[in-house]
Structures are given as C-alpha cells and as structure tokens.
There are 2 protein chains.
Amino acid sequence: MVSQDNPPSEPRRARGRPRDWSDKTAQNTIKSLDRAMEVFEFLSEHQGKALTTLATETDQSPATVYRILVTLEGRGLVEFDAVEQLWHIGPRAFVIGARFLRRTSLVERARPVMRRLMEQTGETANLGIERGGQVLFVSQVETEATIRAFFPPGTLSPMHASGIGKALLAEMDDARLQRALAGKTLTAFTPHSITDLNALRADLAQVRARGYAVDAEERNIGMRCIAAPVFDIHQEAVAGISVSGPTSRVGLEDIERLSVAVRAAAADLSATLGG
Amino acid sequence: MVSQDNPPSEPRRARGRPRDWSDKTAQNTIKSLDRAMEVFEFLSEHQGKALTTLATETDQSPATVYRILVTLEGRGLVEFDAVEQLWHIGPRAFVIGARFLRRTSLVERARPVMRRLMEQTGETANLGIERGGQVLFVSQVETEATIRAFFPPGTLSPMHASGIGKALLAEMDDARLQRALAGKTLTAFTPHSITDLNALRADLAQVRARGYAVDAEERNIGMRCIAAPVFDIHQEAVAGISVSGPTSRVGLEDIERLSVAVRAAAADLSATLGG
DNA sequence: AAAGCCGTTTTCACGATATGAAAAATGCAA
DNA sequence: TTGCATTTTTCATATCGTGAAAACGGCTTT
C-alpha cells in the first residue's frame, strides 16, 4: 500500500528550484525508507506483532522486515518483548513524537489553564488542534473522579463528531469549511451523530453565535463535551479547549454553567497567545 | 504442584535462530534506514532546521537528506513550514509515538527500573503517586535482606512525612503547595517528624536544590528513605521513586551514595515517560 | 533593473547495498 | 526422537540509493 498523497492545496513556496508536482509517482522519495516507515506505522497501529505476521500483513519478505525492525530497535524506535516474542513501538518514538508539541508553545501555555479548568469543573480538560482534516488531541488534564472521559493524547477524531472539531469548524469561512469537509463523509458513530451537511451547518451557526460547541453523545454514547475555540495573535482559531464527562455528571442543564468556565479558559489561553 | 525457583529477571530465549550478538558492527541493520532515522532524530532535537543545515550537521549530502525528508513528509512524519522555510517534526510522529504509552502503565514501566534500583542499593524500592493530598504507594520491589521496609501497595501516607511525598511537594509552585497542604495538620508520627510549616518549606527548598528528598525516621522510627521525583512529558512531577531501609543499613553517611542511584532511576523512568 | 548569490530540487551514471530465496539454527509440540 | 513453526544468516543479483553537478527561482546587491 502506498502512502497518503500530498495535500493539493497550499503549494509550497520553496526558495530554490520548485518541486515537480506534476510527477504523481513521487520520483524522489526513497522507496526502501517508505516501506520501512510503513512497517513502523503499521506496528504502531497494531501493538504487539510477531515478525512473520508483520511481514505478511505489510506484504514484504520476513528477512526485510526483520532487518527494518533490528535497525529501528538499535535506535529505540521499536522494542522486542522477549517474553511475549512480539514487537512493539519503543520509547524513543514517544520521545521524538512528543517533540512535535514543543514547536508551538501552545501545549505548555495551555497546561495551567487546563488544570484550572479541570479543578473548576471537576471534569477532564482536553486540548486539540486540527491536523489533516481531523482533530488531534494533544494534551489533557484528567479529573480525579473515578468515572472519567479518557482520550489518550495522540488520538485522532473526525471534526464533525467532536466538540473541539465543531468549535474549530465554526470559525472557518465558507471556503475553508468547504475544503475541510471535502471528500469527507459525515460518519455516524452514535444515533446522535450529525450526518447531514445542512444540519451541521445549522449547528455551526449556533456554535458561532453562542461561542461554544457541544458534543452531546455524538461520538461516544454516555459522553458529553463542551468546547470553545482558542485564537492566536492573528485571530485565527488554532486550537480548541474542552471539558468532557459522563452524561451522569454533565447533564443538559449543566451545559450552560460549564460553558462559562470553558469559554473563560479558552479566552485565557487566547490571551497568552496574543489573541 | 510444581515449584519454580528460576531467577526472576531472566529473559526467555527467542524462538528461531538466535541472534549473533558477537558481531559488534550489527551486520544486519539497514544502513540507509539508519541514516534516515538519524536525520529524523536530529530534526526532533533541533526544531526548525533548513535543508542545508540539516545536511551539514548530519554529515550527509543535501540531495540525500532532501529525499529522506520528502519521503517522511509523505507520511506526515515531518513537516515543511512554508513560511519559515524550515523542516519540523510532523503530527504523525506524535500520533505514532503516543501509542507507546498505551502499551504499559506507569507501574509496569517502572518495574524494571525499580528492580535495578533494588539490586544496586540492596534496599526496597518504592513507587508512589499523589492522590487526594496523600501519597499512594502503588508498587514496590522488596530487598532480599531479612530486615526490610515493607509498604503494602495501596498504602496511603501523609505527604509531609514521606520521602516521596516531599519530593513531590518540592516540585509544586506556591499556589499548588498551598492547596495541597490546605486544611492539613502536620501530624507528628515520631520525634523526627516535621510539624512546623516553615521547617517544611525550608526542607522542600533543600530537596529542590539537591534533587532528592530524605525521610529520616519521620514516619517510622528506625526507617530512612531517599526519594526523587519522576517527570512526565509536560515536566510535571507525576510520581516519586524511593528506596527505604532500616537505619542500621541506611546510615546518614549512606544517603549521599544512595541518592545517586535513586536519582538515576528516577531519571530513567522519566525518560521512558518522555520527561 | 540586471546581475550575482544562495538554497532547493532534479538529472544522471555508478556501484554500494538492499533484497528475497533458501539454508541454518533454535523452540515447541507430538 | 521427529516434524513443524519461527527467527536469523548467508549469498548472489540487480535494484535503487547516492553524490556531483547542473537547473531553477527567490532574494539581495549593485
């Protein structure tokens, strides 16, 4: 299987000789590296795979996969569990990946704001950004309650079925909204999911009007989520902040109250970003 | 019933033909892949590098580095910032790396670190977190000595009278410290317990300065304990690791020596958490 | 404005090296 | 034991990654 193709919009303005985008077969990618990364990605998706399985499922020879794994193991990017005889993603992959967050100081700045939000509301606070047409959850502060919403950082979720996603969509103009939803089908995860484009537009208008988005069991049954957008210095919505909790604690009558805290937190964070 | 008295930390052998460990030069690693991963790692360490810089500093040809970057870009593992003309770690690297955490919990990851710590020091190693204003001991590896410190996992202990507790308190800012101690009285368990708030603050300053906390018979007469904080990806102190033993073996003159091992173990564990 | 500089991307020819088949070496099951 | 499954190594082959240098544009300088 070949990797994802390049985003057609936003052409790169490189300094030197421009890239030949017409060549669809991506002539100057390194095949062996791409195949190795395919194994790497595949391994991350399916934790704990044996060599043979991995070779079969990525459609490569066991010898090649073996050498890829040994090479990556040398750098700690993958690990071999001697007891279970299985390969796993290694700690170094985590360390490297986590540095993605360091680029923008967003996550660091958000930390105290999120902690305060969690303490005020008693619910798990989340921070998410848009990446590749999906919501990427980059950070969270968990509630101390035993029943809690749990989004491991690094989780991806469709925009239309997430509070943060809708908060971000609501801030886009028509052209960007069009692009963001292009080719996407509004998948239903629960009976409450929004699957109709017009319904989504209507919801987004409401979100924009009141300043916060609600995910009422649209992604997971039994979970509600209230989100607000975070603006940077250019007044662009760069992230969303939310609280999420079980319907038992986050009732429909609690939404109004919680939204105040969420919007305040989002405004706080926006302020530290110059928004 | 079959009684097994096998050494606890002996790794089971691999199923197939065993690896040839004698070959120091790691003959069956893929050179090109390793070089590519070097660029990948290097990029993660130094955010925002231009192609030429990257090529110079990893000592490879610009053409090669370019192809590596374009290949990784195709999978979202790296990103090119068109505005700044710089390469960065990409979101997919974060997504993949984050899956590392799903495999094991803090406790499981701490296990080998604690075992090594116990073997180095000869004393019982403990792992504790803060929960509801107290220290919760979640795991331990016991020494083989007959006289041993024993904390059943699940034990709760006040923060001010525990090495781990003080290591955690020392990392809090004033506001959090205030809240953590709010309404708590500094109960005396032994004549050595710290009962005065100012004395505690002074001790915490010392803890922060030298990087480890000492519980010198403050909770139990005849027991000393040396603890260091464990940091997660956000550089927040999420746990503490310690060794504890009887005063007969853990003399005041041993503290300095033991603290080295404890801090090393804490740093090790922090590293696998991304700290 | 034109020319020069600089960094990026592509072309091209060469040979280093990645590759798969098969063999070797082990554990596990019968 | 023998057989089967799985991992690791060997080896011959040609794929494909590599570096030098040229091509291309943006940016700066005259």
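Letters go in sequence order (proteins before strands), and every chain restarts at 1. These numbers come from the heavy atoms of this one structure, side chains and all, not from hydrogens, waters or symmetry mates.
End-to-end axis angle of the helix from dA1(C)-dT30(D) to dA30(C)-dT1(D), using five pairs per end and rounding to 10°, comes to 40°.
When the salt bridge (charged side-chain N to carboxylate O under 4.0 Å, His left out) test is applied to Asp268(A), the partners found at least two apart in sequence or on another chain are Arg116(A). For Glu236(A), there are no salt bridge (charged side-chain N to carboxylate O under 4.0 Å, His left out) partners two or more places apart in sequence or in a different chain. When the side-chain hydrogen bond (donor to acceptor under 3.5 Å, both in side chains) test is applied to Arg67(A), no partner is found at least two apart in sequence or on another chain. The side chain to side chain contact (heavy atoms under 4.5 Å, CB included) search around Val95(B) returns Leu136(A), Leu156(A), Arg99(B), not counting sequence neighbours. With sequence neighbours left out, the side-chain hydrogen bond (donor to acceptor under 3.5 Å, both in side chains) criterion links Ser162(A) to no other residue. Judged as a side-chain hydrogen bond (donor to acceptor under 3.5 Å, both in side chains), and not counting sequence neighbours, the contacts of Asp34(B) are Arg75(A). Residues passing the salt bridge (charged side-chain N to carboxylate O under 4.0 Å, His left out) test with Glu38(B): none are found, sequence neighbours excluded. The salt bridge (charged side-chain N to carboxylate O under 4.0 Å, His left out) search around Arg176(A) returns Glu130(A), not counting sequence neighbours. Here Phe137(A) pairs with Phe151(A) under the ring-ring contact (aromatic ring centres under 6.0 Å, His included) rule; sequence neighbours left out.
Between the CG atom of Leu54(A) and the P atom of dT6(D) there is a distance of 14 Å, given to the nearest Å. Look at CD1 on Ile68(B): it is 14 Å from P on dT9(C), rounded to the nearest Å. Counting to the nearest Å, the P atom of dT6(D) and the CG atom of Leu86(A) are 12 Å from each other. A straight line from CG of Leu51(A) to P of dT26(C) spans 18 Å, rounded to a whole angstrom. What separates CD of Gln60(B) from P of dA20(D) is a distance of 12 Å, to the nearest Å. Leu69(B) places its CG atom 12 Å from the C1' atom of dT8(C), with the value rounded to the nearest Å. Between the NZ atom of Lys49(B) and the P atom of dG7(C) there is a distance of 14 Å, given to the nearest Å. The distance between atom CD of Glu73(B) and atom P of dT8(C), rounded to the nearest whole Å, is 13 Å.
With Thr71(B) contributing its side chain and Ile30(A) its backbone, the two residues share a donor-acceptor pair below 3.5 Å.
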Under 3.5 Å between N/O atoms: give me all the protein pairs with nucleotides 11-14 of chain D, atom names plus distance.
none

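Heavy-atom distances under 4.0 Å link DNA chain D to Ser32(B), Arg35(B) of residues 31-39 of chain B, given in residue order.
The shortest side-chain heavy-atom distance between Val39(A) and Val78(A) does not fall under the 4.5 Å cut-off.
When the nucleotides dA18(C), dA21(C), dA20(D) are ranked by their closest atom to the side chain of Ala63(B), dA20(D) comes out on top. Here the nucleotide nearest the side chain of Tyr66(B), chosen from dT8(D), dG19(D), dT10(C), is dT10(C).
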